[in-house]
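Computed from a predicted structure; not experimentally measured.
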Amino acid sequence: MRKKLFVTTSLCFLSLAGLMAQTLHVASPEGKLQVSIVCEKGHASYSVNYDGKNMMTPSALGLKADIGDFTKDLTLKDSKESRVDRTYAMTRTKASSSHFVANQLDVNFENKEGLPMTVTFLVANNDVAFRYTLPKGKGEFCGSAVIKKEATAFNFPEQTTTFICPQSKTMVGFAQTKPSYEEEYTPDAPITKPSAFGEGYTFPCLFHIGDDGWVLVSETGTSGQYVGTHLSDYQQGKGYTIALPNGGEMKGQGSRHPAIALPGHTPWRTITVGNTLKPIVETTIPYDVVEPLYEASTNYKPGRYTWGWILWQDASTNYDDQVKMIDVAAAMGYEYTLVDALWDTQIGRERLEQLSKYAQSKGVKLLLWYNSNGTWNDAPQGPRHGMSTAIAREREMAWMERIGVAGIKVDFFGSDKQEMMQLYEDILADANRHKIQVIFHGCTLPRGWERMYPNFVASEALLASENIFFSEYHAKKEGFELTMHPFCRNAVAAADWGGVLMNQHMSRDNKSRHQRYTSDIFEMASSIVIQTSVNCVAIYPNNLKELPQFELDFLREIPTTWDEVRYIDGYPTQFVVLARRTGDKWYVGGLNGTQEKKVLTLSLPMFAGKTVRYYTDKPQKKGELLPASELKTLKVNADGQAKVTIQPMGGIILADN
């Protein structure tokens, strides 16, 4: 029996204008999420409704290319509906597998010259993805197109508030390395608030539609075939629009306008909606609509790594200190040690080979830092010019493969231009040929890359842990930041936050400089809350002697991969509680980013009727730098209810015995 169609087309006449408005509707499989596409007076737009509530008001569609203008004078010619139902496995994301079911609508437009453009919508139960396709043209316009602008908009009801990160000015910051997606979020800001630097906002962007729910906007599927985009500032009545990179990025090299071969398409714009934050945290849409671009050359191994630089800084990139960090990794059962900047001059290649041999004798492999730089910034740290050309990459990667290096961390990119996106892709593809996995820092948001590039691990693309070392201001903001990212940045891609920090002071002697302001359990729980498949645990030789045994035992067991994530409770920049499963074992991590304790009753059906391990902080006593931690047990009610207390700037962990 034929099922009821999920797409409807209606025609209505505008009596005053004498023009015809055409409307299409496409709904999610369960029917709660509905997208309406309208072509009226030559302009295309869409709107999003969830559970009977307007989540996005009419928002423009279209783009302008050198071959034609598809932002006006459009005619909706026809549409085609279909259904997507596929299951796939992942190894480096929040879930080990995904079953993606969506209704698809291809909407075909023509501009006034008769040139075609298709907008494809995929609508799942809590996600919308759409992109533009320009088919191969005729005559002189048959080979390629340069995209001059996108009209694509995201317009929200007036009660909406925002949790968004401003795009920085270009060629600013350390050694002219920005934009690098490392600015500060402002919570619950009105949509009319201008961006901090006049450059709009980086993806992803989280919007609170008052009592009606939440919307997360991002993009995915961006490769070397396009630019990375961001959102403009808000314009009354129009909303936020897609913005192309600033022409001044990369010292003006390259173009801000992407060129695509025809037939060709843009990346996917994604919209995740829900009455609560649950669909935001659990979404897999960044991976659902992309495919691997090549096969893995080896079975890349997830794991944990030690990192001397985060507290010991540049001077620690010497042979003896790196031996100490390898020994810590071996003592903890960790897979990797990251050797950071300046190893080329402060250790040297010959001794680095010896260091790699030593690490492997301890069951540890090295990750090496590289500067991305060719000519697009002035970052002085070496090794430089090793990743910027194909010839240099082949030399470096063949050498690393020969001496047993497992991965690289490449830093200082500072642009979303197509030329830079091609560099990311080239580094990944070349590294895969030599069995090397890749982390990026000082970089753009990864857009579906864990699935597209099987040796991609994670990117920084946030205001990361190094800033806790650099300034007391950021040390005090750690709770704010780490209770923001699960709902936004880390919801769409793996995040290399860069360190479960166990020193109480941000110094080598653990006595000088400013203190850490989060508890030990907060730091430990962050390894559950923040997802990446190769996770940094910034533990040092002194920590092996100073930390309670139960803390060391937990730090040794931190999982490296997750099969499932569940949102439990939280509010961005205030607190978060997530559950993650690895195999048949569940971990619940909770963080309190405020100065007030949180008393919560959690719904934990995975622990119903069980007695679980309960890591928590004691109330801080007068004179204590940080609260003492403790490990006890907690009996979860038969209905899965459990009452917990998270101390100020503290954390909790619940885990199967």
*asked:* Once side-chain contact (heavy atoms from CB on, under 4.5 Å) is applied, do any residues pair with V38, and if so which ones, sequence neighbours excluded?
replied: T23, E40, S45
*Could you walk me through whether L122 and V289 pass the side chain to side chain contact (heavy atoms under 4.5 Å, CB included) check?*
CA-CA 9 Å; L122 295 173; V289 296; 3.6 Å; yes
_Can you confirm whether K178 sits close enough to N377 that some side-chain heavy atom of one is under 4.5 Å from a side-chain heavy atom of the other?_
no
_Least distance between heavy atoms, F413 atom then C443 atom_ = CD1-CB, 3.9 Å
*T283 side chain to I285 main-chain N or O, any donor-acceptor pair under 3.5 Å?*
yes
*Backbone N/O of E460 and side chain of R489: donor-acceptor pair under 3.5 Å*: yes
*Residue pair P446 / M452, side-chain heavy-atom distance below 4.5 Å*: no
*Point-to-point distance, once rounded to the nearest 0.5 Å, from NE2 of H208 to CZ of F163*: 7.0 Å
*Using atom types as modelled and distance alone, determine if a side-chain donor or acceptor of Y46 lies under 3.5 Å from a backbone N or O of A153.*
yes
*Walk me through it: do K53 and N275 pass the test side chain to side chain contact (heavy atoms under 4.5 Å, CB included)?*
CA-CA 9 Å; K53 301 169 184 175; N275 294 328; 4.1 Å; yes
*Knowing that exactly one of S223, P245, P258 qualifies, which makes a side-chain contact (heavy atoms from CB on, under 4.5 Å) with Q418?*
P258
_Can you tell me how far apart OH (Y567) and CD (E282) are? Round to the nearest 0.5 Å._
10.0 Å
*For Q531 and N490, indicate whether the former's side chain and the latter's backbone hold a donor-acceptor pair under 3.5 Å.*
no
*asked:* Ignoring hydrogens and geometry beyond distance, is a side-chain donor-acceptor pair present between E150 and T229 at under 3.5 Å?
replied: no
_To the nearest 0.5 Å, what is the distance between CG on D127 and CD1 on I271?_
10.0 Å
*Distance-only side-chain donor-acceptor flag, D288 / S98, under 3.5 Å*: yes
*Which one of F487, Y240, W214 satisfies the ring-ring contact (aromatic ring centres under 6.0 Å, His included) criterion with F207?*
Y240
*Which distance, rounded to the nearest 0.5 Å, do you find between the OG1 of T266 and the CZ of R131?*
7.5 Å
*Kindly indicate whether the side chain of R256, heavy atoms from C-beta on, has any atom under 4.5 Å from the side chain of N246.*
no
*asked:* With a 3.5 Å distance limit and no angle check, can you tell me whether S372 reaches the backbone of F412 through a side-chain donor-acceptor pair?
replied: yes
*Measure the shortest side-chain to side-chain distance between Q253 and K417 over non-hydrogen atoms and say whether it is less than 4.5 angstrom.*
no
*Will you find, in the side chains of T220 and T270, an N or O donor that is under 3.5 Å from an N or O acceptor?*
no
_How about CD on E596, more than 12 heavy atoms from neighbouring residues, nucleotides or ligands closer than 6.0 Å, or not?_
no
*I147 CD1 to L134 CG distance, which is reported to the nearest 0.5 Å*: 5.5 Å
*asked:* Once rounded to the nearest 0.5 Å, what's the spacing between atom OG1 of T133 and atom CG of D106?
replied: 7.5 Å
*Shortest non-hydrogen contact from I280 to V215?*
CD1-C, 4.2 Å
_Quick check on the 6.0 Å ring-centre criterion: do Y424 and Y453 meet it?_
no
*Are any non-hydrogen side-chain atoms of K477 and Y185 less than 4.5 angstrom apart?*
no
*Closest non-hydrogen atom pair, D66 against A145*: OD1-CA, 3.5 Å
*Kindly give the heavy-atom pair with the smallest separation between S465 and G498, and that separation in Å.*
OG-O, 2.7 Å
*Side chain D233, main chain G200, donor-acceptor under 3.5 Å*: yes
*Do the side-chain N and O atoms of Y50 and N126 include a donor-acceptor pair separated by under 3.5 angstrom?*
yes
*asked:* Determine whether a donor-acceptor pair (N or O, by modelled atom type, separation under 3.5 Å) exists between the side chain of S59 and the backbone of T57.
replied: yes
*Describe, in one word, how the ring planes of F154 and F130 are oriented to each other, choosing from parallel (under 30°), tilted (30 to 60°) and perpendicular (over 60°).*
tilted
*Closest heavy-atom contact between H474 and N467?*
CB-O, 3.3 Å
*Taking K41 for its side chain and A21 for its backbone only, find out whether a donor-acceptor pair lies under 3.5 Å.*
no
*List the steps, then state whether side chain to side chain contact (heavy atoms under 4.5 Å, CB included) holds for F575 with T594.*
CA-CA 7 Å; F575 76 105; T594 75; 5.9 Å; no
*What do you reckon, is NZ of K238 surrounded by more than 12 foreign heavy atoms closer than 6.0 Å?*
no
*Is the closest side-chain donor-acceptor distance between H25 and S36 under 3.5 Å?*
yes
*Locate the shortest heavy-atom distance separating G593 from T483; write the atom from each residue and the value.*
N-CG2, 3.8 Å
*Is R451 reaching over with its side chain to a backbone N or O of L293, donor-acceptor style, under 3.5 angstrom?*
no
*Say whether R447 and T444, considering side chains only, have a donor N or O and an acceptor N or O under 3.5 Å apart.*
yes
_Is there a side-chain contact between F100 and V84 in this structure, where contact means two heavy atoms from C-beta onward sitting under 4.5 Å apart?_
yes
*Checking side chain to side chain contact (heavy atoms under 4.5 Å, CB included) for the pair K94/R580: CA distance, chi angles, key distance, verdict?*
CA-CA 8 Å; K94 66 180 75 174; R580 296 191 192 271; 4.0 Å; yes
_Counting only heavy atoms not in D211 (residues, nucleotides, ligands), do more than 12 fall under 6.0 Å from its CG?_
no
_Y234 side chain reached by F156 side chain, heavy atoms, under 4.5 Å_ = no
*Polar side-chain atom of H230 near backbone of E199 as donor-acceptor pair, under 3.5 Å*: yes
*Is K278 atom NZ crowded by more than 12 heavy atoms from other residues, nucleotides or ligands, each under 6.0 Å away?*
yes
*Aromatic contact, F109 with F70 (centres under 6.0 Å)*: no
*May I ask you to check whether over 12 heavy atoms, not counting those of E158, lie within 6.0 Å of atom CD?*
no
Run the side-chain donor-acceptor check on residues 165-176: report pairs under 3.5 Å with partners two or more places apart or on a different chain.
residue : atom : partner : partner atom : Å
K169    : NZ   : F197    : O            : 3.1
T170    : OG1  : E249    : N            : 3.4
Q176    : NE2  : D378    : OD2          : 2.5

*Can you tell me which residue pairs pass the ring-ring contact (aromatic ring centres under 6.0 Å, His included) test with a partner in residues 253-282, sequence neighbours excluded?*
none
*Got E219 and L445 here, is their nearest side-chain heavy-atom distance under 4.5 Å?*
no
